[in-house]
Amino acid sequence: MRIATWNVNSLSVRLPQVLEWLAANPVDVLGLQELKLTDDKFPHEALAEAGYQAVAFGQKTYNGVALLSRTELKDVVRANPQFADEQSRIIAGTVASPAGDIRVINCYFVNGQEPGSDKFAYKLRWLAGLDAYVKAELALHPRLVLVGDFNVAPEDRDSYDPDGLRETIHHTSEERNAFQALLNLGLSDAYRMFEQPEKSYSWWDYRMLGFQKNRGLRIDHILVSEALKGSVSACTIDRAPRKNKQPSDHTPVVVTLG
DNA sequence: ATGGTGGCGCGGCCA
């Protein structure tokens with residue numbers, strides 16, 4: 001069972017790249033973020049032809065998330081029932097696996113712009129709401145995976161310039177504490193369960209040759225619950241799509257269970 | 001501190 005996450009920064013623009021990536025990487029489940037389209041424009045047919053059914057929680061211009069799956073998604077929930085939010089950022093569903101059902105929560109975390117801003121305050125409120133939601137979901141679904149664009153670089157090694165960017169957005173103590181609070185619920189950062197190359201990132205700014213200079217951040221994550229931890233056999237970042245023409249600024253992360 | 005690049009949608013906003 002393979003589960004992946006990818007912030008595509010407009011599904012309309014990136015659909016051909018998503019289809020190409022899925023053809024080469026036929027994961028069982030893929031969480032997408034930043035669709036930037038409404039549900040009536042969601043490309044169900046093209047994805048079905050590729051072997052994926054999808055559930056979407058879209059929004060015009062900004063945000064929007066979806067779960068793609070090779071098998072049926074059950075008990076789909078859009079948004080965080082515990083946090084009133086005008087922005088479409090969370091979709092959850094359950095997929096069957098040989099060892100039992102797995103609950104997948106796919107999130108596009110708030111960016112937060114800048115510490116001290118209104119958007120940063122929203123980010124912290126949103127993070128607290130997510131914490132409460134994940135805690136409740138874990139009680140119902142011990143076999144749980146939390147994927148998405150977290151917009152948090154959890155540790156210094158997850159940033160190309162941890163000292164220069166200390167306490168700036170993605171790097172603040174508040175954001176890192178919120179990430180740690182998720183781990184304290186009993187979740188593990190699948191990527192850090194394995195030895196990984198140094199300077200591994202999942203996002204690079206479009207500007208200033210960010211990717212070419214590997215000036216990136218590891219802000220896209222896959223967290224697995226205690227009950228699933230023992231079955232995780234690999235977790236990788238696939239940098240290849242970042243080299244495409246017209247790439248997303250993010251690249252996929254993939255976890256293998258079993 | 002500013003500006004740099006990209007998407008949306010056609011003037012800024014958001015990342």
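In what follows, chains carry the letters A, B, and so on, assigned in the order in which the sequence lines appear, proteins first and then strands, with residues in each chain numbered from 1. Heavy-atom basis, side chains included; hydrogens, waters and symmetry copies ignored.
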Enquirer: Quantified in whole Å, what is the C1' atom distance between nucleotide dC10(B) and nucleotide dG6(B)?
Expert: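 One C1' to the other, the span is 15 Å.
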Enquirer: Pick one: which of Asp249(A), Asp149(A), Asp220(A), Thr5(A) meets side chain to side chain donor-acceptor pair (under 3.5 Å) with Ser202(A)?
Expert: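 Answer to the side chain to side chain donor-acceptor pair (under 3.5 Å) test with Ser202(A) among Asp249(A), Asp149(A), Asp220(A), Thr5(A): Asp220(A).
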Enquirer: Rounded off to whole Å, could you give me the OH-to-C1' distance for the Tyr122(A) and dC13(B) pair?
Expert: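 Result: 15 Å.
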Enquirer: Between the side chains of Ser159(A) and His170(A), does any donor sit under 3.5 Å from an acceptor?
Expert: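 Not at all, the side chains of Ser159(A) and His170(A) share no donor-acceptor pair under 3.5 Å.
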Enquirer: How far, in whole Å, is dG3(B) from dC14(B) if one measures between their C1' atoms?
Expert: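 It works out to 16 Å between them.
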Enquirer: Measure from NZ on Lys119(A) to C1' on dC13(B) and round the result to the nearest Å.
Expert: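 Roughly 8 Å, once rounded to whole Å.
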Enquirer: Expressed in whole Å, how much space separates the P atoms belonging to dA1(B) and dG12(B)?
Expert: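 Result for the P pair: 25 Å, nearest Å.
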Enquirer: Rounded to whole angstrom units, what separation is found between the CD atom of Gln87(A) and the P atom of dC13(B)?
Expert: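 Distance check: Gln87(A) CD to dC13(B) P gives 16 Å.
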Enquirer: Phe42(A): what forms a ring-ring contact (aromatic ring centres under 6.0 Å, His included) with it, not counting sequence neighbours?
Expert: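 ring-ring contact (aromatic ring centres under 6.0 Å, His included) list for Phe42(A), sorted by chain: His44(A).
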Enquirer: Within this structure, what is the CG-to-P distance between Asp149(A) and dA15(B), rounded to whole angstrom?
Expert: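 Distance check: Asp149(A) CG to dA15(B) P gives 11 Å.
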Enquirer: Whole Å only: how far is the CG atom of Asn111(A) from the P atom of dC14(B)?
Expert: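 After rounding, the gap between these two atoms is 11 Å.
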Enquirer: Return yes if a side-chain donor-acceptor contact under 3.5 Å exists between Asp28(A) and Tyr52(A), otherwise no.
Expert: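 Short answer, no.
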Enquirer: Generate the contact string for nucleotides 1-11 of chain B. Rules: B means base contact, S means sugar-phosphate contact only, - means no protein heavy atom under 4.0 Å.
Expert: ---BBSSSS--
Enquirer: Within this structure, what is the CG-to-C1' distance between Leu217(A) and dA15(B), rounded to whole angstrom?
Expert: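 Interatomic distance, CG of Leu217(A) to C1' of dA15(B): 12 Å.
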Enquirer: Between Glu175(A) and Thr172(A), do the side chains contain a donor N or O and an acceptor N or O under 3.5 Å apart?
Expert: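 Side-chain D/A pair, Thr172(A) to Glu175(A): present.
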Enquirer: Looking across every strand, which nucleic acid part, if any, lies under 4.0 Å from Tyr108(A) by heavy atom: base, sugar-phosphate, or nothing?
Expert: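 It contacts sugar-phosphate atoms only.
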Enquirer: Return a table of donor-acceptor pairs under 3.5 angstrom between the side chains of residues 13-27 of chain A and protein atoms on other chains or two or more places apart.
Expert:
{"residue": "Arg14(A)", "atom": "NE", "partner": "Val8(A)", "partner atom": "O", "Å": "2.8"}
{"residue": "Arg14(A)", "atom": "NH1", "partner": "Gln246(A)", "partner atom": "O", "Å": "2.7"}
{"residue": "Arg14(A)", "atom": "NH1", "partner": "Pro247(A)", "partner atom": "O", "Å": "3.3"}
{"residue": "Arg14(A)", "atom": "NH2", "partner": "Asn9(A)", "partner atom": "O", "Å": "2.6"}
{"residue": "Gln17(A)", "atom": "OE1", "partner": "Asn244(A)", "partner atom": "ND2", "Å": "2.9"}
{"residue": "Gln17(A)", "atom": "NE2", "partner": "Lys245(A)", "partner atom": "O", "Å": "3.2"}
{"residue": "Gln17(A)", "atom": "NE2", "partner": "Gln246(A)", "partner atom": "O", "Å": "2.7"}
{"residue": "Trp21(A)", "atom": "NE1", "partner": "Asp238(A)", "partner atom": "OD2", "Å": "2.7"}
{"residue": "Asn25(A)", "atom": "ND2", "partner": "Trp21(A)", "partner atom": "O", "Å": "3.0"}

Enquirer: So that I know where these two stand, are His221(A) and Phe179(A) an aromatic pair - ring centroids less than 6.0 Å apart?
Expert: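 His221(A) vs Phe179(A): aromatic centres under 6.0 Å.
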Enquirer: With rounding to whole Å, what would you report as the distance between dG9(B) and dT5(B) at their P atoms?
Expert: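 The same atom, P, in both gives a distance of 23 Å.
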Enquirer: Would you kindly give the CG-to-P distance between Asn7(A) and dC14(B), to the nearest whole Å?
Expert: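 My rounded result for the distance is 17 Å.
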